[in-house]
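Right, one structure below, let's go through it.
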There are 2 protein chains.
Amino acid sequence: MSHTLGIRQAQKQKTRQALLDAALGLLEEQSLSSLGLREVTREVGVAPTAFYRHFRSTADLGVALVEEALGSLHPMIRTIVASAGDSDQRIERAVELIARHVETHPAHVRFIARERHGGVQSVRAAIQGQLAQFAEEVKVALTKDPVSYGWTDDDLLMLANLYVDQMLMTASLFLDALEAPLEERQRVAQVATSRMRLISIGREHWLE
Amino acid sequence: MSHTLGIRQAQKQKTRQALLDAALGLLEEQSLSSLGLREVTREVGVAPTAFYRHFRSTADLGVALVEEALGSLHPMIRTIVASAGDSDQRIERAVELIARHVETHPAHVRFIARERHGGVQSVRAAIQGQLAQFAEEVKVALTKDPVSYGWTDDDLLMLANLYVDQMLMTASLFLDALEAPLEERQRVAQVATSRMRLISIGREHWLE
DNA sequence: CCATGCAGTTAACAACTGTTCTCTGGAATT
DNA sequence: AATTCCAGAGAACAGTTGTTAACTGCATGG
């Protein structure tokens, strides 16, 4: 049901995407607040003024990057949350999924980790918004779990946020170990699994 | 036993500190990777070239800021860790201490949260080093706790790191709520306490 | 008291930045 | 086929950046 774009709009989206990709690449070695618009257009091979046809500023581009990065993460969350099996199996699968996502989208993960507390207000707000949405989604899933019987709404949201934060921390740890030997990456996976397991144990005994 | 500095060295340290303070102020609205040396010297009211008498680059200044920011945090960690009382009392006291620290050193906390995953390699490394030191310290304290009997060394370190990360996340949450009404800040304290408590519960049932 | 050291100044540099206005070629519309 | 639209190019702007070199004045150590 996708409407085929005209040659015109297709070209535009193409250079827009090229700008986003170039920016994402440049952001591996700096923060958004130091990213220059000329830097980006130079990388793409386009005139500096062309930038304005797509974004008002680099901050604006940053917000677009947030949607791209966290949009691709959305389906992953659903997969983890919907996964069956006992607690330990689900945790191992979640860690495995996160590791895969970091391997296939390292720049996206780095961007989010970096700009979550970064120097650009609007981007921080965009990330916080998306993460709050994730937490809400996780919370809904948790509510359906029989383990959550008797939990208050606030505590469920607290736990959901804890899971989301944990997911990001794990992703960031995997990112740091991306170039490291397999042994090191396995150690990271081991630690991440233990963290999740400890939280799950706390969850099971919460109401005592 | 402090050696009284000559007029000369005293003046030097004074402007050095002024540079650090000015930088910290400017970093509330941007990231280190976009902080210019001229920007800092202008703020202090000193010639741009004077900067080089104290730091090789802004990245170098960033590393110095890490030591200042996390150095002041060191005693706080000890206080929390050495605190007596049952689990819930200790947690409440810890959250209270973190809240106070954020109120008295907001810029330091923001700087660490921002640059922990920021765009400047050397600063990231410095932060990671200090945090690893904190975790080691927490681990030693945990080892002495009877609750830890039977725990492996790896699991103790895992828990210690979890606590350290949690401390930072809590601090960051308090930071976001600094200007918010009391009611909001109390909600943050409530959530932080719950998180810590859940982790503690997980810890108590870890060996089952 | 005089010579040395060194924190901070002054001036100048080439390179870079974001933003403006004007222009152009080709797709889209009529 | 004629007209409008608009993504991108080009040139120019005032202002900024990091870094250099040579200086000045004052605290320091002999």
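We name chains A, B, ... by the order of the sequence lines, and we start the count at 1 in each one.
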Taking any heavy-atom pair under 4.0 Å as a contact, classify A:Phe51: base, sugar-phosphate, or nothing. nothing
Polar side chain donor-acceptor pair, A:Gln166 to B:Gln166, under 3.5 angstrom: no
Expressed as a whole number of angstroms, how long is the span from B:Gln30:CD to C:dT17:C1'? 15 Å
Could you state the CZ-P distance from B:Arg16 to C:dC6, rounded to the nearest angstrom? 17 Å
Any side-chain N or O of B:Arg42 less than 4.0 Å from the OP1 or OP2 oxygen of D:dT17? yes
What closest approach, in Å, do B:Val123 and B:Ala59 show between heavy atoms, and which atom pair accounts for it? CG2-O, 3.7 Å
D:dT19, C:dG8, C:dG18: which one has an atom nearest the side-chain heavy atoms of B:His54? C:dG8
Decide whether B:Glu68 and B:Gln17 meet the rule of one side-chain donor and one side-chain acceptor closer than 3.5 Å. yes
Euclidean distance, atom CG of residue B:Leu19 to atom C1' of C:dG8 [Å, nearest integer]: 11 Å
Are B:Arg42 and B:Glu39 within salt-bridge range, i.e. N to O under 4.0 Å? no
Whole angstrom value for the distance that separates C1' of D:dC5 from NZ of A:Lys12: 12 Å
Hey, what's the ring geometry for B:His101 with B:His105, parallel, tilted or perpendicular (30° and 60° as the breaks)? parallel
Residue met sooner reading DNA chain D from 5', once A:Ala47 and A:Arg38 are mapped to nucleotides: A:Ala47
Using OP1 and OP2 only, check whether a side-chain N or O of A:Ser57 sits under 4.0 Å from C:dG18. no
Answer yes when B:Arg203 and B:Asp145 have at least one side-chain N-carboxylate O distance shorter than 4.0 Å, and no when they do not. yes
Let me know the distance between CZ of A:Phe55 and P of D:dG8, rounded to the nearest Å. 11 Å
Can you run down the salt bridge (charged side-chain N to carboxylate O under 4.0 Å, His left out) pairs that involve residues 186-201 of chain B, sequence neighbours left out, and say none if there aren't any? A:Asp165-B:Arg195, B:Asp88-B:Arg197, B:Glu184-B:Arg187
Check the distance between D:dA7's P and A:Gln17's CD and give it to me in whole angstrom. 17 Å
Sugar-phosphate only, base, or nothing, as touched by B:Ala50 at under 4.0 Å among non-hydrogen atoms: base
Rounded distance in Å - CD (B:Gln13) to C1' (C:dC6): 15 Å
How many Å lie between CG on A:Leu37 and P on D:dA9, as a whole number? 13 Å
Does the protein touch nucleotides 21-30 of chain D at the base, only the backbone, or not at all? Give it as B, S and - per nucleotide, heavy atoms under 4.0 Å. B---BBBS--
